[in-house]
Every structure is written in C-alpha cells, then in structure tokens.
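When a residue number appears, it is its place in the shown sequence, counting from 1.
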Amino acid sequence: MSNRIQSLSNAWGNMSPRERRLGAAVLLLLLVCGGFTAVKTGFRYVRELDAEIISLEDAIANNTHLIAMREQVERQYRGIATQHSSAWKEAEIHDRLRQEVMRLAEKVPPELDKDGVPAQVTSGLGELVKIPKIGEGQLLEGGEGYRQYALNFQVPETNVGDLVAFLSRLQDSPQSLRISKLSVVRNIENPKCMADISIIRTIADLPQDTNPVAEEPAPEKVTDIQPGEWLSAGGSVSPSSEMAEAGKTCLRADAQSAGAQFYTVKSLVSGSVYEFSLDVLTMGAGKLGIRDEAGKTSFPGEETITGAGQPVRYRVQFTVPQASGGRAKMRIPCLVLDESGSQAYLDHFSLKKVDTP
C-alpha cells in the first residue's frame, strides 16, 4: 500500500502545473457527480417512504370507516333477517310476497310484527292502489346462498302520484324486492294510468344457527302517519285527507280540553342518540317535543308552536335517558295544544337512530 502511495506521489510530482490543475478538476468533478447521485437517490427513497406513509394512512382511514359502518350494516342485516328462511317452500314464499304486495297497496300499510309478518293485510282506511288479482309466481334460478321468486300483477286505473308512491314502497320493502319490469299506459283523454308490474324477491339462505331476531331495531323511517300508533289525552285523533298530500293520509288532532296531548309511545335504547322530524300545521298555540311516558316531564329541545296556520317541519335530536332494563319508554313526538277547540294536522313523521362517533 505504501509503495502504491509513493508511486502516486511520484507521478503527481512529475506532472506539470497544467496537468495538476486538470487532474484536480477531474477529481472534483467525480466527487460532485458522486455527491449528486447520492443526494438524488436519497430524495427518491424519501419520496417512496412518503408515498408508503400516505398509502398506509389511507388504509387506516378506510379501515376505520369500515369498522364504524360494520355495526350499522350488521344491525340493518339483522333487521331483515326475519324476512328470509332456507326452509321456505315455493307456496310459503308466494303467500308472504302476496301479503306484502297487498299490504303496501293500502293507504296506510299495517305494521309488521317482530317476525316481519303483518297482523292484518288491510288497515280499513282504504287502498292507495287497487290490485284485483295476483296470479301464480315463479321460483327462479338463484346463485350460491340465495333464491329468487318472480311475480307479476296489474294495477288498473289510478293516479300517477299514487302509482309512484306504491312503486317507492315496493322498492323500500323489507322483503328485498326489486322491480324487474314496469309498463305504464295512459289514454290521452284520461288523466289516470294503468300499470303492469313484475317484481322479484331475493330470499337469502341463512345458516341454521342465524338468529333472525334483531337485538337492536333497524332505524325506523315512516313517511306516512300511522293512525293506529297515535294516542291522545284530552283530545281525539283521526285520519284525514284535508291537509295531506295527494293520495296520502295525514292525522288530525282535535283538542277537547286545554293542554291536550297527542303522541306515540316508543321504547328506545338508553344512552343512544335519536332524531325525529314531523310536519305540523296548527290552528292554535302549543308545544312539540319529547316527554316521559307519563307525559309530565319534557325533554330539552321542546319547540313552541305559534299556530300560524302554515305547515312547518320540526326536527329534534335527543339522547335517551338511562332506564332499568336498558330501554326507556317515551312520548315521542308529543304535541300539546294549549287551548280547547284547537286543531292540528300531522304528517311525515320519521324517527331514526343517529350514529355517533
């Protein structure tokens, strides 16, 4: 090694000043090129690390969102699980589907029980659309884990608005229905139309150990007032079409004494956050909000109604108080009319659970 260093020293000593300057310039250029290459490689590595960090952050955010959605999806799945069974025969599927179509054809569809079966098919409040006959359906080839059942029926002359409302109900049915074919015909001289509708129901083949009863009810959303649910203290309630939208029924409340209350009773999960909304038209002052089961204690957020005679939409979000058994019964919504003889019309009541972070 010392001989090599001595040889290089001798070679450097034998160079002319011009050769020395040229050699120093070449050496400096090599050092600069080497340094530039090292820096460039370092920057590329840092960019790759940044891209990997961003990708991991996105994955964490997506996974967090999926975890947050998991409970809601499972709750909704359990909510419709009672509408499915691997053991159903074709006749049972047809009978349940026929009952559901006839139920949805009512102006006010009867409520479903915990097993998803209506206590009665007709509500006695009239029909939204008439369905004179439902023929035999057809069990179709499904896929792995599910079956499909097709059904066709006709709707004779009806208003377009009523038909659209009925189609919307079919799409929102808990029986997993979809409209596969729709033909609407209207004579130019007749404002009413006729429809030929084909629907398909999907029946999931659930595992034998699947518990079909939902521990937590799916978020409830009711777009039409259900008169049978409403109670009154000091007044009377009755279905009415006076202030309702075309083809629908709202609820009329008549106060027979000062401070009359009109309400539904709901059993909600303690500690959970819910939101309700309601369209109200009143001829008289009052209050709208939430009260306890006895109707004496009001909850924060109760609104004062001026009785201006114009429809107003109220929306209130609240937290259910703690109660024994994990559920609390409440009057929700609770409308209070201050004066005897006052009237109110209620429509578009909805109640849903709010997912909190």
Side-chain angles (χ1 to χ4, degrees), residues 106-112 119-120 123-126 217 219-268 274-321 323 327-353:
E106 292 287 299
K107 282 187 177 181
V108 181
E111 288 293 311
L112 299 174
Q120 55 185 15
S123 62
L125 298 175
E220 180 180 355
K221 186 175 183 181
V222 183
T223 55
D224 288 330
I225 287 288
Q226 308 293 326
E229 293 184 351
W230 287 76
L231 305 172
S232 64
S236 62
V237 293
S238 59
S240 173
S241 59
E242 295 177 43
M243 300 296 178
E245 296 180 4
K248 294 185 178 180
T249 300
C250 68
L251 191 74
R252 173 174 169 171
D254 292 280
Q256 298 170 353
S257 62
Q261 294 189 16
F262 308 90
Y263 57 93
T264 68
V265 177
K266 301 291 184 182
S267 176
L268 305 180
Y274 287 81
E275 179 182 277
F276 86 83
S277 64
L278 180 69
D279 290 353
V280 180
L281 186 153
T282 60
M283 289 75 163
K287 302 179 185 64
L288 177 67
I290 307 157
R291 300 203 172 189
D292 61 0
E293 186 179 8
K296 297 179 180 179
T297 304
S298 61
F299 287 77
E302 188 170 74
E303 298 278 352
T304 299
I305 299 174
T306 59
Q310 296 294 328
V312 179
R313 171 159 293 183
Y314 292 89
R315 180 175 281 106
V316 178
Q317 191 172 105
F318 62 97
T319 301
V320 181
R327 303 184 75 90
K329 286 188 177 182
M330 311 165 68
R331 293 189 178 187
I332 172 173
C334 182
L335 172 66
V336 182
L337 295 180
D338 294 340
E339 299 178 358
S340 176
S342 297
Q343 293 180 352
Y345 293 89
L346 313 177
D347 204 355
H348 293 164
F349 169 56
S350 70
L351 173 66
K352 64 180 180 180
K353 187 177 179 182

Which atom pair, heavy atoms only, marks the closest approach of Glu106 to Gly126?
-> OE1-O, 3.3 Å

Identify the two heavy atoms, one from Gly234 and one from Ala260, that lie closest to each other, and give their separation to 0.1 Å.
-> O-CB, 3.1 Å

Reported OG1-to-CG distance for the pair Thr282 and Leu346, which is rounded to 0.5 angstrom | 9.5 Å

Where do Phe262 and Ser232 come nearest, in terms of heavy atoms and distance?
-> CD2-CB, 3.6 Å

Contacts of Ser277 meeting side-chain hydrogen bond (donor to acceptor under 3.5 Å, both in side chains) (sequence neighbours excluded), chain-then-number -> Ser350

OG1 (Thr297) and CG (Asp292) are apart, to the nearest 0.5 Å, by 4.0 Å

Can you sort out the partners of Glu293 under side-chain hydrogen bond (donor to acceptor under 3.5 Å, both in side chains), two or more places apart, ordered by chain and number?
-> none

Once the angle between the rings of Trp230 and Phe349 is folded into 0 to 90°, is it parallel (under 30°), tilted (30 to 60°) or perpendicular (over 60°)?
-> perpendicular

What residues, two or more places apart in sequence or in another chain, satisfy side-chain hydrogen bond (donor to acceptor under 3.5 Å, both in side chains) together with Asp338?
-> none

Set of side-chain hydrogen bond (donor to acceptor under 3.5 Å, both in side chains) partners for Glu302, sequence neighbours left out | Arg291

For residues Tyr274 and Ile290, determine if any side-chain heavy atom of one lies less than 4.5 Å from a side-chain heavy atom of the other.
-> no

So do Leu278 and Leu335 actually touch side chain to side chain, heavy atoms under 4.5 Å?
-> no

Determine the minimum heavy-atom distance between Ser340 and Gln256, stating which atoms define it.
-> OG-O, 3.3 Å

Between the side chain of Thr264 and the main-chain N/O of Ile332, is any donor-acceptor distance below 3.5 Å?
-> yes

Do Leu288 and Pro333 come close enough that some side-chain heavy atom pair is under 4.5 Å?
-> yes

Could you tell me the separation between the CD atom of Glu339 and the CE atom of Met283, rounded to the nearest 0.5 Å?
-> 14.0 Å

For the residue pair Met330 and Phe299, establish whether any side-chain heavy-atom pair is separated by less than 4.5 Å.
-> yes

Quick one: list whatever passes side-chain contact (heavy atoms from CB on, under 4.5 Å) with Val265, sequence neighbours left out.
-> Leu231, Tyr263, Lys329

Can you list every salt bridge (Lys or Arg N to Asp or Glu O under 4.0 Å) pair that touches residues 303-321, not counting sequence neighbours?
-> Glu275-Arg315, Asp279-Arg313

Which residue pairs pass the salt bridge (Lys or Arg N to Asp or Glu O under 4.0 Å) test when at least one of the two sits in residues 250-263, sequence neighbours left out?
-> Glu242-Arg252, Arg252-Asp254

For the student: nearest non-hydrogen atoms of Val320 and Ala328, plus distance | CG1-CB, 3.8 Å

Mark yes or no for whether Asp347, through its side chain, and Cys250, through its backbone, hold a donor-acceptor pair below 3.5 Å.
-> no

Output for pair (Lys266 NZ, Arg327 CZ), nearest 0.5 Å, gives 11.5 Å

